[in-house]
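Just so we're on the same page: letters track the sequence lines, and every chain starts at 1.
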There are 2 protein chains.
Amino acid sequence: MLSKNQQIIFDIIEKAKEPIKAYSILFNVQKKGIKAPLQVYRALDKLVEIGKIHKIESRNSFVACKNSNCQISKATAFSICESCEEVSEISDNKLSKYLKSFQNKAGMKFKKYNLEFFGLCKKCSVK
Amino acid sequence: MLSKNQQIIFDIIEKAKEPIKAYSILFNVQKKGIKAPLQVYRALDKLVEIGKIHKIESRNSFVACKNSNCQISKATAFSICESCEEVSEISDNKLSKYLKSFQNKAGMKFKKYNLEFFGLCKKCSVK
DNA sequence: TTAATTATTGTTATATTATAACATTATGTA
DNA sequence: TACATAATGTTATAATATAACAATAATTAA
Ligand SMILES: [Zn+2]
Ligand SMILES: [Zn+2]
Ligand SMILES: [Zn+2]
Ligand SMILES: [Zn+2]
């Protein structure tokens, strides 16, 4: 169950067609009484923690999860267009299976991964 | 061939045992006459571009490339310990082959990827 | 070898992203 | 109720990164 601020901020992110940044969220919610960055960041932290949203690390921005919460954000993959900045979440069983079972040479077993692919989306590649 | 500032900053990063942050680099090079953040960021940008270093996106920090420059930073993978923050670059032919040829459902072909795994390193997992 | 071009440097100011610290209120639970 | 936990509100500040402009050095082309 989301709290009031969490719900307000989640709604903004979910409605956005693109990844959205914390201070842009702040600007959008000031009319709803959320006035301080910390109020936004706290909601973002919680939403990330429970897997409702993900942070696109290379862009410092946030998107709603499109994949039944990615097992609470333990396994995330995105495609990012370097021209128009369109981001979409990748859902690929073979990829996630492969990465979830990946072990490095030190035998370290991982709890979590985040993968970002970069290229040109369809629209941008024909331009 | 690296320029003066690029070389100074690359040397710091290469000597560091851990990922190092831009302002920590700045602090380290002030005695060598590099006084402003922008001087550091410009060198970092160039070093990333030519593949001598990589940015650890989830940590806003930088490491020297350990993998013959990762074909100029087009294919990077790291393991990150969430306890001690140790980072190491992953070199795994099977993994990189798989990811380099990955296509999403939209048929988008990628030019670049960055993968970050999170878990506990050997030391931290026995604690 | 001069002129033009490109890369690098220096400098000040400012923008953007994120957290510390403290007080208060709401919600859940024994 | 009483206790614990989670969420909120607020002010200040820390940490990360770029804009804008001027000068110098290195490279390349005529
Ligand atoms: Zn997801
Ligand atoms: Zn695009
Ligand atoms: Zn590398
Ligand atoms: Zn560790």
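Note: CD (B/Gln7) to C1' (C/dT8) measures 15 Å, nearest angstrom. Atom CG in B/Leu44 sits roughly 15 Å away from atom C1' in C/dT8 (whole-Å rounding). One can place OH of B/Tyr41 at 19 Å from P of C/dT11, the figure rounded to the nearest angstrom. Atom CZ in B/Arg42 sits roughly 14 Å away from atom P in C/dA7 (whole-Å rounding).
Between the side chain of B/Lys66 and the backbone N or O of B/Ser88, no donor-acceptor pair lies under 3.5 Å. Between the A/Lys105 side chain and the B/Ser91 main chain, a donor and an acceptor come within less than 3.5 Å of each other.
First and last contacts of DNA chain D with chain B, using any nucleotide atom under 4.0 Å from a protein heavy atom and ordered 5' to 3', fall at D/dT16 to D/dA20.
Put simply, A/Lys21 has a side-chain N or O that comes within less than 4.0 Å of OP1 or OP2 on C/dT17. Between C/dT17 and B/Asn60, no contact under 4.0 Å exists linking OP1 or OP2 to a side-chain N or O.
Remark: B/Ile53 CD1 to B/Leu44 CG distance equals 4.5 Å, nearest 0.5 Å. Distance CD/A/Glu116 to CD/A/Glu57: 7.0 Å, rounded to 0.5 Å.
Under 4.0 Å is where a charged nitrogen must lie from a carboxylate oxygen, and between A/Glu82 and B/Lys111 at least one such pair does.
Ring geometry for B/Phe110 versus A/Phe117: interplanar angle under 30°, hence parallel rather than tilted (30 to 60°).
The minimum heavy-atom distance linking A/Met108 with B/Gly119 is given by the pair CE-C, 3.9 Å. Considering all non-hydrogen atoms of both residues, A/Leu120 and A/Cys81 come closest at CA-SG, 3.9 Å. Minimum heavy-atom separation, B/Pro19 to B/Val87: CG-CG2, 3.5 Å.
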Is there a side chain to side chain contact (heavy atoms under 4.5 Å, CB included) between A/Asn60 and A/Lys55 once you walk through the steps?
CA-CA 7 Å; A/Asn60 298 318; A/Lys55 182 173 186 182; 4.0 Å; yes
Where do B/Ile9 and B/Asn28 land on the side chain to side chain contact (heavy atoms under 4.5 Å, CB included) test, with the steps shown first?
CA-CA 9 Å; B/Ile9 284 164; B/Asn28 274 278; over 6 Å; no
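Contacts between residues 22-40 of chain B and DNA chain C, defined by a heavy-atom separation below 4.0 Å, involve B/Lys35, B/Ala36, B/Leu38, B/Gln39, listed by number.
Place A/Lys55 and B/Lys46 on DNA chain C by their nearest nucleotides, and B/Lys46 ends up nearer the 5' end.
Taking five base pairs at each end of the helix from C/dT1-D/dA30 to C/dA30-D/dT1 and finding the rotation axis that steps the C1' atoms of four pairs onto the next four gives two axes whose angle is 50°, to the nearest 10°.
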